[in-house]
Amino acid sequence: MIEKATDLKDLTKQQIEKIKEDAGNVIQEIYNASGIKSGQIFLVGCSSSEIIGKHMGSASSADAAEAVYSVISSFLKEKGVYLAVQCCEHLNRAVVLDREVMQKYDFEEVNVIPQYHAGGAFAVTHYNNLNDPVVVENIRSKAFAGMDIGGVMIGMHIHPVVVPLRLEHKNIGNAIIIAARHRPKYVGGERAVYNANLE
């Protein structure tokens, strides 16, 4: 059973539209810079509290989470990219995704339902919008790229080597955005020649 979000509706229409605009700019830029492709996993960690200018974990905002989610999820779906959402530290940064993705990547389901104050508003929103949601404890660093909204530390779920992306659009609302992508490891020594398309 998921907590009701009635007490978490807190933003004006103008604030919601600005958050959506920010989210659209950021996801487009990350998509273009990361090289992620259809069938790969894009991970989002999100503090809705940070988006509205509060300290992480102190003021979950269903409005902020839903605004960002509506933009990012529809964008990734159109590109054929799987969205995975990292829960907050109270659930040990477990990941919400669709059962189809879990089965494709052979992840293991755990028994928990994210809540606004144990998982986070963004994880709850993703869980509620999936046809067959599951939570997994570990995606074995299989995310190809990801977005950290508000400093929630997503790096553990991105496949090494993790390469930070320098963004022109650095915020969604008041939250700082950190983004990263995967690149294959370099092997060899000074005589090795590397494929620039994989860097």
Side-chain angles (χ1 to χ4, degrees), residues 1-6 8 20 23-24 26-28 30-31 34-48 51 57 60-150 152-160 162 172 178-182 184:
M1 183 165 139
I2 294 178
E3 297 167 297
K4 295 195 182 298
T6 52
L8 304 172
K20 286 183 175 181
V26 169
I27 190 61
Q28 181 71 63
I30 295 172
Y31 179 81
S34 70
I36 194 167
K37 296 179 176 55
S38 176
Q40 294 178 319
I41 297 172
F42 186 88
L43 180 81
V44 175
C46 175
S47 169
S48 60
I51 292 172
S60 289
S61 168
D63 281 350
E66 289 165 9
V68 174
Y69 183 83
S70 67
V71 173
I72 291 173
S73 63
S74 61
F75 180 93
L76 294 176
K77 185 174 184 179
E78 182 181 300
K79 304 296 184 183
V81 173
Y82 297 123
L83 174 60
V85 172
Q86 177 180 284
C87 296
C88 71
E89 63 185 282
H90 296 98
L91 296 187
N92 296 325
R93 297 189 173 92
V95 177
V96 179
L97 37 73
D98 193 271
R99 185 173 300 279
E100 173 191 348
V101 182
M102 179 188 76
Q103 292 171 339
K104 176 179 177 177
Y105 282 88
D106 195 29
F107 299 145
E108 184 175 347
E109 183 177 6
V110 294
N111 187 359
V112 70
I113 298 173
Q115 306 294 306
Y116 286 98
H117 301 292
F122 200 80
V124 168
T125 302
H126 190 42
Y127 192 94
N128 287 342
N129 278 277
L130 292 173
N131 288 329
D132 195 358
V134 295
V135 179
V136 301
E137 192 171 24
N138 189 342
I139 63 169
R140 299 193 301 276
S141 302
K142 293 298 185 187
F144 183 90
M147 177 191 322
D148 180 327
I149 304 172
V152 296
M153 309 299 283
I154 63 165
M156 64 189 282
H157 293 302
I158 297 177
H159 195 68
V162 180
I172 295 178
I178 301 168
R181 66 170 175 87
H182 154 76

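Computed over heavy atoms, backbone and side chain alike; hydrogens, waters and symmetry mates excluded.
- Checking side-chain atoms of Q115 against main-chain N and O of I113 turns up a donor-acceptor pair under 3.5 Å.
- I158 and A145 get closest at one heavy-atom pair: CD1-C, 4.2 Å.
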Discussion item. For V44 and F122: C-alpha separation, side-chain torsions, deciding distance, then whether side chain to side chain contact (heavy atoms under 4.5 Å, CB included) applies.
Written reply: CA-CA 9 Å; V44 175; F122 200 80; 3.5 Å; yes
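- Put simply, the side chain of E100 does not reach to within 4.5 Å of the side chain of D132, judged on heavy atoms.
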Report all side-chain donor-acceptor pairs from residues 68-76 shorter than 3.5 Å, counting only partners two or more places apart or in another chain.
residue : atom : partner : partner atom : Å
Y69     : OH   : H126    : ND1          : 2.9
S70     : OG   : E66     : O            : 3.4
S70     : OG   : A67     : O            : 2.8
S73     : OG   : Y69     : O            : 2.6
S74     : OG   : S70     : O            : 2.8
S74     : OG   : V71     : O            : 3.1

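- The environment of Q28 atom CD is dense: over 12 non-hydrogen atoms of other residues, nucleotides or ligands sit within 6.0 angstrom.
- Not one N or O on the side chain of H182 forms a donor-acceptor pair closer than 3.5 Å with the backbone of V162.
- Taking the side chain as every heavy atom from C-beta outward, V81 and F144 never approach each other to under 4.5 Å.
- The closest donor-acceptor contact from the side chain of S141 to the backbone of H159 lies at 3.5 Å or more, if one exists at all.
- Closest approach of V152 and G45 over heavy atoms only: CG2-C, 3.3 Å.
- Figure legend: K142 and F107 shown without cation-pi pairing, the cationic atom not lying both under 6.0 angstrom from the six-membered ring centre and within 45 degrees of its axis.
- Here the side chain of S60 pairs a donor or acceptor atom with the backbone of Y116 at under 3.5 angstrom.
- Remark: side-chain polar atoms of N92 are not paired, donor with acceptor, to backbone N or O of A94 under 3.5 angstrom.
- Taken from CD1 in I154 to CE in M147, the straight-line distance is 8.5 Å, to the nearest 0.5 Å.
- Remark: of the listed residues V135, I41, V136, V136 is the sole one forming a side-chain contact (heavy atoms from CB on, under 4.5 Å) with V95.
- Within 6.0 Å of CE in M156 there are more than 12 heavy atoms belonging to other residues, nucleotides or ligands.
- Rounding to the nearest 0.5 Å gives a distance of 11.0 Å between CZ of R99 and CG of L130.
- No side-chain heavy atom of N138 sits under 4.5 Å from any side-chain heavy atom of E108.
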Discussion item. For a side chain to side chain contact (heavy atoms under 4.5 Å, CB included) check, start with the C-alpha distance between F42 and I30, then their side-chain angles and the critical distance, and finish with the verdict.
Written reply: CA-CA 10 Å; F42 186 88; I30 295 172; 3.6 Å; yes
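- Across every non-hydrogen atom of Q40 and K37, the tightest pair is OE1-N, 2.7 Å.
- For L91 against A118, the heavy-atom pair with the smallest separation is CD1-O, 3.3 Å.
- In plain terms, the two heavy atoms of A143 and L43 that are nearest each other are CB-CB, 3.9 Å.
- Checked by atom type and distance alone, the side chain of D148 pairs as donor or acceptor with a backbone atom of M153 at under 3.5 Å.
- Between D98 and Y82 there is no side-chain heavy-atom pair separated by less than 4.5 Å.
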Worksheet item: So R93 and E137, salt bridge (charged side-chain N to carboxylate O under 4.0 Å, His left out) or not? Walk me through it.
Response: CA-CA 7 Å; R93 297 189 173 92; E137 192 171 24; over 6 Å; no
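- Closest of all the heavy-atom pairs between S48 and A121 is OG-CB, 3.5 Å.
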Item to complete: May I have the step-by-step check of side chain to side chain contact (heavy atoms under 4.5 Å, CB included) for V134 and V96, ending in yes or no?
Response: CA-CA 6 Å; V134 295; V96 179; over 6 Å; no
Worksheet item: Step by step, would you call L83 with K77 a side chain to side chain contact (heavy atoms under 4.5 Å, CB included)?
Response: CA-CA 8 Å; L83 174 60; K77 185 174 184 179; over 6 Å; no
